[in-house]
Amino acid sequence: MNKSKHAIKRTQQRGISNKTINLLFKEGKILNQKGGTALVVFPKWKKPNIEKYNQKEKNIKNAYMVIKVNKKRLIDSHIITAGHDFKNVHKKTRKKFH
């Protein structure tokens with residue numbers, strides 16, 4: 001797990017443990033962004049189980065991280081930052097066509 005100085009600082013400030021980051025790598029959904037980065041969040045359907053089996057972790061279901069993608073091995077991706085998404089800011093919206 002490669003963390004930037006910024007990511008180390010933010011994970012400490014926001015109370016995001018290494019266990020949460022490992023779970024994001026294992027169970028998370030990758031949303032690709034511009035510039036070779038990606039947003040990693042828990043899929044909506046997995047959130048209840050993740051929260052149920054990790055009750056000691058606070059706000060684990062709302063955790064996210066931004067990584068610089070390593071296409072050979074995802075676990076070796078460089079972590080840029082991490083946080084909690086309380087307002088679903090990173091939720092992809094889809095417009096319905098009638």
Side-chain angles (χ1 to χ4, degrees):
M1 175 178 352
N2 301 323
K3 288 185 191 177
S4 66
K5 289 180 184 179
H6 178 77
I8 292 169
K9 192 175 191 179
R10 293 296 178 248
T11 54
Q12 288 174 351
Q13 286 176 342
R14 296 171 179 162
I16 299 171
S17 67
N18 286 335
K19 182 178 179 181
T20 303
I21 292 188
N22 287 333
L23 269 171
L24 277 166
F25 274 123
K26 185 178 176 184
E27 303 288 334
K29 177 181 175 183
I30 299 171
L31 306 171
N32 289 315
Q33 298 178 334
K34 293 181 182 178
T37 62
L39 185 69
V40 183
V41 296
F42 290 118
K44 190 175 183 178
W45 63 275
K46 285 187 180 181
K47 285 183 179 185
N49 287 335
I50 289 169
E51 192 173 43
K52 180 180 176 182
Y53 295 116
N54 299 288
Q55 290 182 350
K56 291 184 180 180
E57 302 290 323
K58 291 186 177 183
N59 298 318
I60 192 169
K61 70 176 185 175
N62 297 319
Y64 74 90
M65 67 181 172
V66 178
I67 60 172
K68 182 147 179 79
V69 180
N70 183 344
K71 292 183 181 182
K72 292 181 182 177
R73 277 192 73 201
L74 184 63
I75 195 76
D76 291 336
S77 296
H78 191 72
I79 301 168
I80 299 170
T81 192
H84 293 109
D85 180 18
F86 295 111
K87 297 180 182 177
N88 290 324
V89 175
H90 304 294
K91 186 177 182 181
K92 279 196 168 182
T93 58
R94 292 184 181 167
K95 293 183 179 178
K96 293 182 180 180
F97 296 101
H98 297 282

* Starting from the C-alpha separation in whole Å, work towards a yes-or-no answer on side-chain contact (heavy atoms from CB on, under 4.5 Å) for Phe25 and Ile79. => CA-CA 11 Å; Phe25 274 123; Ile79 301 168; 4.0 Å; yes
_If you apply the rule side-chain contact (heavy atoms from CB on, under 4.5 Å), what do you find for Leu24 with Tyr64, and how did you get there?_
CA-CA 7 Å; Leu24 277 166; Tyr64 74 90; 5.6 Å; no
* Between Leu23 and Glu57, is a side-chain contact (heavy atoms from CB on, under 4.5 Å) present by the stated rule, with each step listed? -> CA-CA 11 Å; Leu23 269 171; Glu57 302 290 323; 6.0 Å; no
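Between His84 and the options Thr20, Ile60, Ile16, a side-chain contact (heavy atoms from CB on, under 4.5 Å) holds for only Ile16.
Side chain of Ser4 to main chain of Ile80: a donor-acceptor pair is present (N/O by atom type, distance under 3.5 Å, no hydrogens or angles). Listed for the Thr11 side chain is a donor-acceptor partner under 3.5 Å among the backbone atoms of Ala7. Panel note: side chain Arg10, backbone Gly83; no donor-acceptor pair is recorded below 3.5 Å.
Atom CZ of Phe42 is separated from atom NZ of Lys47 by 9.0 Å, given to the nearest 0.5 angstrom. How far CD of Gln33 is from CD1 of Ile67: 9.5 Å, rounded to the nearest 0.5 Å. Expressed to the nearest 0.5 Å, how far NZ of Lys61 lies from CG of Asn49 amounts to 12.0 Å. Remark: Lys56 NZ to Asn54 CG distance equals 10.5 Å, nearest 0.5 Å. Put simply, OG1 on Thr37 and CG on Leu31 are 11.0 Å apart, with the number rounded to the nearest 0.5 Å. The NZ atom of Lys26 sits 10.5 Å away from the NZ atom of Lys19 when rounded to the nearest 0.5 Å.
Residues satisfying the salt bridge (Lys or Arg N to Asp or Glu O under 4.0 Å) test with Lys46, not counting sequence neighbours, are Glu27.
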